[in-house]
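To start, the structure itself, in structure tokens.
By convention here, the first residue in the shown sequence is residue 1. For the numbers below, each heavy atom of this structure counts, side chains included, while hydrogens, waters and symmetry mates do not.
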Amino acid sequence: MVSDEQYMRRCLELAQKGINHAAPNPMVGSVLVHQERIIGEGWHEVYGQAHAEVNCLNDVRPEDRALIPGSRLYVSLEPCSHFGKTPPCCDRIIMEGIREVVVGCRDSYAAVAGKGIQKMKDAGILVRTGTLETECRELNKRFFTVQEKGRPYIILKWAETADGFIAAEDGTRIRISGWIQQRLVHRMRYQESAVLVGYQAALNDNPRLDNRFWREGRQPLRVLIDFDNSLPGNYFLKDNSRGTLIFNGHKEGEAGHMAWKRLYGKKDIPQQITAALEGINSIIVEGGTKTLQTFIDSGLWDEAHRWINGAMVAGTGIQSPVLKNARKVQEQCYGADRLLLFRQQ
């Protein structure tokens, strides 16, 4: 007999397919099971369109539709009970006559937050919660951070030499990254909503902050901290080729793909930025050292990806950021490169 955990793992596999198109909604997967046979599957494919449960029920073949009332529905996140861009999923579940629902984790979004579970229970449905709850919450760490902390999920990323330097003494870029690291970083950009750099790093490196070494398609919002609005107009971040947001001390407005938001002083810049990033579930902070350290010192970070090139010794230069209140959760090797993954304690 297949266990609840196995069916929920399938929900998580399905949910992952929405990683590039569901945001700012959560990724959700759903499976409908009749006598240990899966008769329907679905996931939240595109923001603003049908949710996982509805797609799952719509996936049932005509010849199996009579089996729906006797089936068990698995869903990785609590079904919604409110009208948003789509009707409540709970209403569809109730209408189909489903008598048992297994929920991975509760939704902390205020409009749901247990109301979906209660609505199904009030309709006489047996609801069981908490199956692979940790895994279900981890999948939607971005969504839950927005709902529970009121800010995007923040990932810090940098590369350093074996002796701990991130750039040359004068701030000029050192080629630290190998080709594998480069592609994995671009995969991160493909998966996250935005990527940020500070003025000095932008001036020294002239970065594109795009995804060009992974799959075609989604590009992150480019975010720049440039208090004096002085980055030269011929730099990539000023090319108006894709969405770019510049935090500065003087100006607000939009022009083409570019937008400006005002910072009110140079104090608490990470707090000002994260409070202003509406609709952004996650952001990668890529540098430079001063910007990264500012986020670390403010306590505004969730993950840190520290790449170390063990074959490169700089001898001198600008030192890498110093993490605080961090616990290492993973370490992987890619040739001479090591990736250390940290979470905030």
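Within the 4.5 Å cutoff, the side chain of I284 has heavy atoms near those of the R189 side chain.
Around NZ of K261, the count of heavy atoms belonging to other residues, nucleotides or ligands within 6.0 Å does not exceed 12. Counting non-hydrogen atoms of other residues, nucleotides and ligands closer than 6.0 Å to CD of E254 gives a total of 12 or fewer. Crowding of Q345 atom CD: a count of heavy atoms from other residues, nucleotides or ligands under 6.0 Å exceeding 12. Heavy-atom neighbours of E135 CD from other residues, nucleotides or ligands within 6.0 Å: above the threshold of 12. The 12-atom threshold is not exceeded at OH of Y109, counting heavy atoms of other residues, nucleotides or ligands nearer than 6.0 Å. More than 12 heavy atoms of other residues, nucleotides or ligands sit less than 6.0 Å from atom CD of E148.
Ring geometry for H51 versus H44: interplanar angle over 60°, hence perpendicular rather than tilted (30 to 60°).
A salt bridge is absent between R137 and E133; no separation between the charged side-chain nitrogens and carboxylate oxygens falls under 4.0 Å. With respect to D4 and R128, a salt bridge is recorded, a charged nitrogen being found less than 4.0 Å from a carboxylate O. In summary, R338 and E331 engage in a salt bridge, as defined by a charged side-chain N under 4.0 Å from a carboxylate O. Ion pair R208/D239 not flagged as a salt bridge, since none of the NZ, NE, NH1 or NH2 atoms sits closer than 4.0 Å to an Asp/Glu carboxylate oxygen. A salt bridge does not link K17 to E41: none of the charged nitrogens lies less than 4.0 Å from a carboxylate oxygen. Under a 4.0 Å N-O distance rule, the pair E192/R187 does not qualify as a salt bridge. Salt-bridge annotation for D302 and K141: absent, with no side-chain N of the basic residue lying under 4.0 Å from a carboxylate O of the acidic one.
With hydrogens and angles ignored, the 3.5 Å screen pairs a side-chain donor or acceptor of D163 with a backbone N or O of A314. Side chain of N309 to backbone of A311: a donor-acceptor contact under 3.5 angstrom is found. Proximity of a side-chain donor or acceptor of Q6 to a complementary backbone N or O of S3 within less than 3.5 Å is detected. Using a distance-only test at 3.5 Å, with no hydrogens or angles considered, no donor-acceptor pair links the side chain of D107 to the main chain of A113. In this structure, D59 contributes its side chain and G42 its backbone to no donor-acceptor pair below 3.5 Å. Of the possible polar contacts, none joining the Q344 side chain to the I296 backbone as a donor-acceptor pair under 3.5 Å is found. Side chain of E160 to backbone of F165: no donor-acceptor contact under 3.5 angstrom is found. With E303 contributing its side chain and R343 its backbone, the two residues share no donor-acceptor pair below 3.5 Å. Using modelled atom types, no side-chain atom of T131 and backbone atom of V103 make a donor-acceptor pair closer than 3.5 Å. Looking only at distances, no side-chain donor or acceptor of E45 sits under 3.5 Å from a matching main-chain atom of A50.
Minimum heavy-atom separation, N281 to A23: ND2-CB, 4.1 Å. In this structure, Q272 and G265 approach most closely via the heavy-atom pair NE2-O, 3.3 Å. Between I166 and P321 the shortest heavy-atom distance is CD1-CD, 4.1 Å. Of all the heavy atoms in A201 and P207, the pair that sits closest is O-CD, 4.2 Å. Nearest heavy-atom pair across I318 and G171 is CD1-CA, 3.7 Å. Residues G29 and A15 come closest through the heavy atom pair N-CB, 3.3 Å.
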- Task: Begin from the C-alpha positions of D122 and K119 and carry the test salt bridge (Lys or Arg N to Asp or Glu O under 4.0 Å) through to its verdict.
- Result: CA-CA 5 Å; D122 290 344; K119 188 171 188 178; over 6 Å; no
- Yes or no on side chain to side chain donor-acceptor pair (under 3.5 Å) for T316 and E169, after CA distance, side-chain angles and deciding distance? CA-CA 7 Å; T316 186; E169 198 74 57; 2.5 Å; yes
- Task: Check the pair V33 / I39 against side-chain contact (heavy atoms from CB on, under 4.5 Å), numbers first and verdict last.
- Result: CA-CA 6 Å; V33 179; I39 63 172; over 6 Å; no
- Message: Run the salt bridge (Lys or Arg N to Asp or Glu O under 4.0 Å) test on R262 and E252 for me, step by step, so that the C-alpha distance in whole Å, both residues' side-chain angles and the decisive distance to 0.1 Å come before the verdict.
- Response: CA-CA 6 Å; R262 187 176 176 187; E252 293 208 7; over 6 Å; no
- Step-by-step side chain to side chain donor-acceptor pair (under 3.5 Å) determination, S177 to Q181: CA-CA 6 Å; S177 306; Q181 178 193 343; 3.2 Å; yes
- Dump the intermediate steps for side-chain contact (heavy atoms from CB on, under 4.5 Å) on L196 and E286, then the final yes or no. CA-CA 6 Å; L196 176 148; E286 291 203 4; over 6 Å; no
- Begin with the C-alpha distance, continue with both residues' side-chain angles, and end with the deciding distance and a verdict on side-chain contact (heavy atoms from CB on, under 4.5 Å) for C89 and V54. CA-CA 7 Å; C89 293; V54 172; 4.2 Å; yes
- Message: Quick one, E96 with R92, criterion salt bridge (Lys or Arg N to Asp or Glu O under 4.0 Å). Give me CA distance, side-chain angles, the key distance, then yes/no.
- Response: CA-CA 6 Å; E96 293 281 4; R92 176 68 182 272; 2.9 Å; yes
- For side-chain contact (heavy atoms from CB on, under 4.5 Å), just list the numbers for L245 and W260, CA-CA rounded to whole Å, side-chain angles, deciding distance to a tenth of an Å, and then say yes or no. CA-CA 6 Å; L245 177 59; W260 293 261; over 6 Å; no
- Just do the side chain to side chain donor-acceptor pair (under 3.5 Å) check on Y190 and N20 with the steps written out, would you? CA-CA 7 Å; Y190 178 75; N20 300 119; 3.2 Å; yes
- Task: For D297 and K324, run salt bridge (Lys or Arg N to Asp or Glu O under 4.0 Å): C-alpha distance rounded to whole Å, both residues' side-chain angles, the deciding distance at 0.1 Å, then the answer.
- Result: CA-CA 8 Å; D297 293 344; K324 303 174 182 177; 2.7 Å; yes
- Task: Begin from the C-alpha positions of T274 and R151 and carry the test side chain to side chain donor-acceptor pair (under 3.5 Å) through to its verdict.
- Result: CA-CA 6 Å; T274 54; R151 61 164 176 81; 6.0 Å; no
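In this structure, S76 OG and N140 CG are separated by 7.0 Å, a value rounded to the nearest 0.5 Å. Taken to the nearest 0.5 Å, the CD1 atom of I155 stands 8.5 Å off from the CD atom of Q191. Distance check, rounded to the nearest 0.5 Å: CD of Q147 to CZ of R142 gives 14.5 Å. A distance of 14.0 Å separates CZ in R306 from NZ in K157, rounded to the nearest 0.5 Å. For the atom pair CG of L12 and OH of Y7, the computed distance is 15.5 Å after rounding to the nearest 0.5 Å. Rounding to the nearest 0.5 angstrom, the gap separating the CZ atom in R222 from the OG atom in S241 is 4.0 Å.
Side-chain contact check for Q332 and Y334: at least one donor-acceptor pair (N or O, by modelled atom type) lies under 3.5 Å. For the 3.5 Å distance criterion, the side chains of N248 and D226 fail to qualify, holding no donor opposite an acceptor.
Remark: of the listed residues I246, L224, N206, L224 is the sole one forming a side chain to side chain contact (heavy atoms under 4.5 Å, CB included) with L231.
For the pair R10 and Y74, the cation-pi criterion (under 6.0 Å, within 45° of the ring axis) is not fulfilled.
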